[in-house]
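First up is the structure itself, then whatever we jot down about it.
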Amino acid sequence: GENVEQHPSTLSVQEGDSAVIKCTYSDSASNYFPWYKQELGKRPQLIIDIRSNVGEKKDQRIAVTLNKTAKHFSLHITETQPEDSAVYFCADGNKLVFGAGTILRVKS
Amino acid sequence: GAGVSQSPRYKVAKRGQDVALRCDPISGHVSLFWYQQALGQGPEFLTYFQNEAQLDKSGLPSDRFFAERPEGSVSTLKIQRTQQEDSAVYLCASSLEGGRNEKLFFGSGTQLSVL
């Protein structure tokens, strides 16, 4: 079946450092890749997404890069803050499949 | 309403009971999705509607699971003869357009516990 692999499963960084989360997908026809943030006990919320016609998209401290040849995409958070602590999920938007999630802890 | 609304927020059922979970999407949103999220896992796709049409139900784990959206707005996910493995958070999401490649707006979920 369709698969989205997400790494790492947990990530601890010091406040102000960068965090990178990577995902791979299996269907080369997929062309929409969103990232969702889920705080404890809350609903998932979209933070950034990318379509296959571009290789990178930025929104303030958050960026997503896409490598269609290698079938992987990554979330980059710079200058991390304690409020960035949450679970982050990548997804293959075409297949409606989510990764298993990354628990990000930002230590102050 | 301002967002996707789900009810009840919590549901405790005895094994073998039937349950019905409700989702009110954002007004005017064409597409509606149901996901199951086990503790510590990512959301798992269950089913997808475009208006009242159920276009994909490939994720429903068994014939005990049934979803409907008869008027293209409110949706109900029904689970018959609940089992302990059905315990999870059931998330509903809607999107403005038809099709899959759109931003999903999630509800807060229904946490189902089957005893």
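Numbered from 1 within each chain, the chains take letters A, B, ... in sequence-line order.
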With a 4.5 angstrom heavy-atom cut-off, is it the side chain or the backbone of B/Q111 that approaches chain A, or both, or neither? neither
Side chain, backbone, both or neither: which part of B/F105 has a non-hydrogen atom closer than 4.5 Å to chain A? neither
If two hydrophobic side chains count as joined below 4.5 Å and joins carry through other members, does A/F98 share a cluster with B/L91? yes
Using the rule that Ile, Leu, Val, Met, Phe, Trp and Tyr join whenever any side-chain heavy atoms are under 4.5 Å apart, tell me whether B/V19 and B/W34 fall into a single cluster. yes
When every non-hydrogen atom of B/Q37 is compared with those of A/Q38, the smallest separation belongs to NE2-OE1, 3.0 Å
Using a 6.0 Å cut-off, check whether atom NZ of A/K22 has over 12 heavy atoms from anything other than its own residue. no
Scan A/N94, A/L96, A/D49 and name whichever one has a side chain to side chain contact (heavy atoms under 4.5 Å, CB included) with B/N101. A/N94
If you take all heavy atoms of B/G42 and A/F89, which pair is closest and at what distance? CA-CE2, 3.2 Å
Which one of A/G93, A/A100, A/P44, A/A91 has the most heavy-atom pairs closer than 4.5 Å to chain B? A/P44
So for atom CD, which belongs to B/E71, do other residues, nucleotides or ligands contribute more than 12 heavy atoms lying within a distance under 6.0 Å? no
Least distance between heavy atoms, B/S108 atom then A/R43 atom: OG-NH2, 2.7 Å
So which part of A/Y36 gets closer than 4.5 Å to some heavy atom of chain B, the side chain, the backbone, both or neither? side chain
Which atoms of A/Q6 are under 4.5 Å from chain B, going by heavy atoms: the side chain, the backbone, both sets, or neither? neither
d(A/D92 CG, B/R100 CZ) to nearest 0.5 Å is 9.5 Å
Shared hydrophobic cluster, A/F33 / A/V64 (ILVMFWY, side-chain heavy atoms < 4.5 Å): yes
Is there a path of hydrophobic side-chain contacts, each under 4.5 Å between heavy atoms of I/L/V/M/F/W/Y residues, joining A/Y32 to A/I50? no
Hey, any chance B/F49 and B/F33 share a hydrophobic cluster, counting ILVMFWY side chains that come within less than 4.5 Å of each other, even indirectly? no
